[in-house]
Structures are given as C-alpha cells and as structure tokens.
Amino acid sequence: MKNLNQHKIESFKTNLVHWYEQHKRDLPWRKNQDPYQIWVSEVMLQQTRVDTVIPYYERFMRLFPEMDDLAYAEEDAILKVWEGLGYYSRVRNLQKGVREVVEHYGGQVPKSRKEMESLKGVGPYTAGAILSIAYDLPEPAVDGNVMRVLSRVFHVTDDIAKPSTRKIHEAILYEAIDKNNPSSFNQGLMELGALVCTPTSPGCLLCPVREQCEAFSLGLQEALPIKSKKKKAKTIHLDAFLLIDQDKRVYIEKRPSEGLLAGLWQLPMLPQASSDDERQESLQQAYEITEKVHKQPFHVKHVFSHIIWEIDLYIGDVSLLTVPEQWKAVSKEEIEGYAFPVSQQKVLSYCLEEGLI
DNA sequence: AACTCGGGGAC
DNA sequence: GTCCCAGAGTT
C-alpha cells in the first residue's frame, strides 16, 4: 500500500468536493437520490458517454418510472428502449437485478456492498456508485475516469488495463474518500476526469487539485495512466438477405438468446459465400430456400470493439413452405416495432430509401 | 488473467 | 486509423 501524505489527502478531498459543488453538470439523474434512478443511470453509463446516455435515460424513465414497471416488462420491450445503446446484456441484467430487489428485498435497494454486488449487472463500480450517491455511504466507485485521476494525483504506475489494478485504486479511496460527503467526492472524481483530467491534453491550469497532483509536479500528466494496448478486431464477412413473401412482407430473424447482440432482430444472414452457386446452396441448406437471390449495390462495414462485420446485401422473392424458428414476416410499417442493432439499421435504411420494401 | 460484449465521439 | 468511455459476466 502506498504511503499517503495525510495533509495532502485533506487538501485533495476538500478541493475536489468544493470544485464539484460549483461545477457539476445539471444531469437528469442528479435531480434526487432515488436509488433506482441512480441505478438505471449507472448501468447506462457503463462504457458509455454522458451525452449518449441522456436521451436513453429520459425515455427509459418515462416508460419504467419505478422498479415495479421494469421488473416484469417484456424482453422485446426493454431491448427496444436500449436499441442502439450497445452492450444489450446490461438491460437484461438490470431487469433481473430489479426483479431480485422487488421480490427478495421488499422493493428496497440494499445498502451493503455485498448485497449490491450479488445483484445481476451490479459489479464493484456500480455497487460503490449507488451506495455513495443514493445513500451517502463511504464506498469507492472506481471507473476509468477515477483510475486516470488517481494515477496522476498519487503517481500510480500500475497498468490500469489489468483487472488487479482496480483494487489498488480502491485501497487509496478507502483512505482518501470524504466520509462527510461520499456522493460529491465520488462524483467529483468522475466529473473531474470527464471535464478537466482528460485522457489527452488535461486542463491542469484549471484543475482544483493541481497543487496535490504528483504527476503535474513531475510533468508526467500526459504519461499517466499506464495502459497496455488491446488486440485488434477480427473481420467477419456476411451475406444479408432481404427476403420478400407473396404479401410483400419481409422476413426478419431473432438472434439467439446468448452471445453477440442476443435477442435482437436482423435480416437473415449467413457467412459470405465465395460464389453464387455456393450461396444458393447455403440458402437451401439453412432455410430450404430454392428461389434465386440477387446482389444489391450495397455494402456496410460495421465495427464492434472486438469484431468487424462486412455485410453484402442480396434480395429475393420467396414463398416458404415452412418458416424457420425465430423468423417473422413483417410489413414495412411493423419493422420499427422491433429492436435492431445499428449494423442492421444501416441495411434496413438502405432498403427503405431504395424502395426495396 | 483473458476474453466477450456495442456504439460513438474525440483526436 | 487509435483510444476510451460512470464495466460486468464468463471461462
């Protein structure tokens, strides 16, 4: 454990909390201390920027204003609200966690770290965030912002990409957290990381804790935190099929309940074929489709964190004897009722603009 | 500890 | 192009 200067810690927490109270942004989840509202915001904010979250948060709270409204909502409904936000298991886990609170905690979000972390989708960060922001409990909430700020202020040189490094920062915070105002202290750390102590070009001249910052005194603010690189994404080539039935309806397919984009809808897709014959063979093999499909002058490249999809588009009129499991024929107007990942929104937008549907 | 799981904005 | 974002679950 790093030996921390107690005088420096006192100045640090005082300066940080004062700065936060003066500079905090007016965000929709900062209107009260309702633990459910804090919970929803914290899950949405996982790996997601504030500006992206705001419209999703407001729509979500209109549809599910209380835990009882979310606990037993249809999966298609919660995925539709989350459509385009990414990491879709977050909303499924949020619902499971909320249902757990409704059924086993009498609707009261628990006040211990152990109980919080037992809830689906609530890990060390989110547990600390809810406990400190909703209940003013002195629990650390270590996210990427916090590790960047602490790495600089306390000259921590451990690789923040390593899972074990989070515990080092938590240990610092158990000493440094302002027990008189855990909420403002934790949110102040994150707000500082978002607005001043940024990854590149940190605004040290505007920083309220510049005097306490070891990195600044050493001129290392741009060199910290230490973070190892992650490996690059692999490319997967896919053929997507706009299949139209006798009633001018389009077949869409529900993805499996686990894995990438679980439970979302898409046009039927197969691994890219190397020839027209091979493609027709695959269509017959997978779906018993014998009609010819025709290539469209459209291609989309969609980048995930760890995968890149390159999608070609084919169109065909079909009359199916048996409709595959997980398929549904929908009219042009019905499409918007289903949750599609962004990659499919790109494909469908083209189909609609070109009048193919 | 390493991998999976989305999408977008800043540079 | 690269990085990273109010991370968690699985293996």
Side-chain angles (χ1 to χ4, degrees), chain A residues 20 24-25 27-30 38-57 79 82-94 96-97 116-134 139-149 159-167 169-170 183 185-195 197-202 222 225 227-234 255-264 266 301-309 339-346:
Chain A
Y20 175 70
K24 63 179 176 185
R25 290 168 288 180
L27 300 174
W29 47 87
R30 286 181 175 164
I38 305 296
W39 188 356
V40 172
S41 73
E42 290 301 341
V43 171
M44 286 189 171
L45 286 162
Q46 290 168 6
Q47 297 292 286
T48 311
R49 296 174 188 280
V50 165
D51 290 340
T52 303
V53 164
I54 289 173
Y56 283 91
Y57 175 81
L79 285 176
W82 215 265
E83 181 183 40
L85 194 54
Y87 287 157
Y88 298 94
S89 63
R90 286 186 292 177
V91 71
R92 257 190 293 263
N93 288 334
L94 173 61
K96 288 177 189 166
M116 285 302 303
E117 289 190 14
S118 77
L119 300 171
K120 275 294 183 188
V122 179
Y125 163 75
T126 304
I130 295 171
L131 292 171
S132 61
I133 297 171
E139 289 291 333
V142 176
D143 70 341
N145 281 316
V146 170
M147 285 197 285
R148 183 172 58 256
V149 172
D159 181 358
I160 66 169
K162 291 171 59 179
S164 57
T165 301
R166 192 198 76 245
K167 296 178 181 298
H169 291 271
E170 286 176 347
S183 173
F185 179 87
N186 279 349
Q187 292 188 84
L189 274 179
M190 293 185 276
E191 198 83 338
L192 189 69
L195 300 180
C197 196
T198 47
T200 60
S201 308
E222 298 269 11
K227 185 169 186 180
S228 55
K229 317 276 187 195
K230 57 177 188 292
K231 61 174 193 177
K232 69 170 193 177
K234 288 188 65 175
R255 292 179 60 84
S257 59
E258 293 184 347
L260 183 66
L261 304 171
L264 278 76
Q266 63 181 20
K301 175 178 181 176
H302 186 79
V303 180
F304 301 89
S305 302
H306 56 306
I307 300 171
I308 299 171
W309 274 3
F340 293 92
V342 170
S343 59
Q344 297 299 307
Q345 293 175 18
K346 294 174 184 172

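For the numbers below, each heavy atom of this structure counts, side chains included, while hydrogens, waters and symmetry mates do not. Below, chain A is the first sequence line, B the second, and so on; all start at residue 1.
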Colleague: Would you say A:K24 places a side-chain N or O within less than 4.0 Å of OP1 or OP2 belonging to C:dA6?
Modeller: no
Colleague: Check this one for me: any side-chain N or O of A:H306 less than 4.0 Å away from OP1 or OP2 of B:dT4?
Modeller: no
Colleague: What distance, rounded to whole Å, do you find between the two P atoms, one in C:dG9 and one in B:dG8?
Modeller: 24 Å
Colleague: Taking OP1 and OP2 of C:dC3, is either one under 4.0 Å from a side-chain nitrogen or oxygen of A:K229?
Modeller: yes
Colleague: Between B:dG6, C:dC5, C:dA8, which nucleotide gets closest to the side-chain atoms of A:N145?
Modeller: C:dC5
Colleague: Quick check on C:dC5: is either OP1 or OP2 less than 4.0 Å from any side-chain nitrogen or oxygen of A:R148?
Modeller: yes
Colleague: With nearest nucleotides of DNA chain B determined for A:S201 and A:F304 from heavy-atom distances, which residue corresponds to the more 5′ nucleotide?
Modeller: A:F304
Colleague: On DNA chain B, does the nearest nucleotide to A:P163 precede the nearest nucleotide to A:S89 from the 5' side, or the other way round? Give the residue.
Modeller: A:P163
Colleague: So what does A:K167 hit on the nucleic acid, given a heavy-atom distance under 4.0 Å: a base, only sugar-phosphate, or nothing?
Modeller: nothing
Colleague: Check every atom of B:dA1, B:dG6, B:dG7 against the side chain of A:Q47 and return the nucleotide holding the closest atom.
Modeller: B:dG6
Colleague: Ignoring the backbone of A:N93, work out which of B:dG6, B:dC5, C:dG9 is nearest its side chain.
Modeller: C:dG9
Colleague: Looking at C:dT10, B:dG6, B:dC5, which one has an atom nearest to any side-chain atom of A:T48?
Modeller: B:dG6
Colleague: Looking only at the side chain of A:T200 (C-beta and beyond, no hydrogens), which of the listed nucleotides C:dT10, B:dC11, C:dA6 gets closest?
Modeller: B:dC11
Colleague: If you look at every strand shown and take non-hydrogen atoms under 4.0 Å, does A:R30 touch a base, only sugar-phosphate, or nothing?
Modeller: base
Colleague: When only distance counts, do a donor and an acceptor, one from the side chain of A:T126 and one from the base of C:dG7, lie under 3.5 Å apart?
Modeller: no
Colleague: Go through B:dG6, B:dA1, C:dA6 for me and flag the one nearest to the A:S164 side chain.
Modeller: B:dA1
Colleague: Is the base of B:dG9 touched by the side chain of A:T52 through a donor-acceptor pair closer than 3.5 angstrom?
Modeller: no
Colleague: Is A:L85 touching bases, backbone alone, or none of the nucleic acid, heavy atoms closer than 4.0 Å?
Modeller: base
Colleague: Quantified in whole Å, what is the P atom distance between nucleotide B:dC11 and nucleotide C:dA6?
Modeller: 14 Å
Colleague: Would you mind classifying the nucleic acid contact of A:V122 as base, sugar-phosphate or nothing, using non-hydrogen atoms under 4.0 angstrom?
Modeller: sugar-phosphate
Colleague: Is A:K231 near enough to C:dC3 that one of its side-chain N or O atoms lies under 4.0 angstrom from OP1 or OP2?
Modeller: no
Colleague: Under 4.0 angstrom, heavy atoms only, what part of the nucleic acid is A:W29 near: base, sugar-phosphate, or nothing?
Modeller: base
Colleague: Just by distance, no angles: are the side chains of A:Y125 and A:Q46 close enough, under 3.5 Å, to form a donor-acceptor pair?
Modeller: no
Colleague: Could you point out which residue of A:R25, A:K24, A:R30 forms a side chain to side chain donor-acceptor pair (under 3.5 Å) with A:Q187?
Modeller: A:R30
Colleague: OP1, OP2 of B:dG7 versus side-chain N and O of A:H302: anything below 4.0 Å?
Modeller: yes
Colleague: Could you tell me whether the side chain of A:R49 has a donor or acceptor atom within less than 3.5 Å of a complementary atom in the base of C:dC4?
Modeller: yes
Colleague: Looking across every strand, which nucleic acid part, if any, lies under 4.0 Å from A:G193 by heavy atom: base, sugar-phosphate, or nothing?
Modeller: nothing
Colleague: Please state the P separation for the pair C:dA8 and B:dG9 - nearest whole angstrom.
Modeller: 23 Å
Colleague: Side-chain N or O of A:Y87 versus OP1/OP2 of C:dG9: is the shortest distance under 4.0 Å?
Modeller: no
Colleague: Taking atom C1' in both C:dC4 and B:dC5, what distance in whole Å separates the two?
Modeller: 16 Å
Colleague: Which listed nucleotide (C:dA6, C:dT10, C:dC4) is nearest to the side chain of A:K120?
Modeller: C:dT10
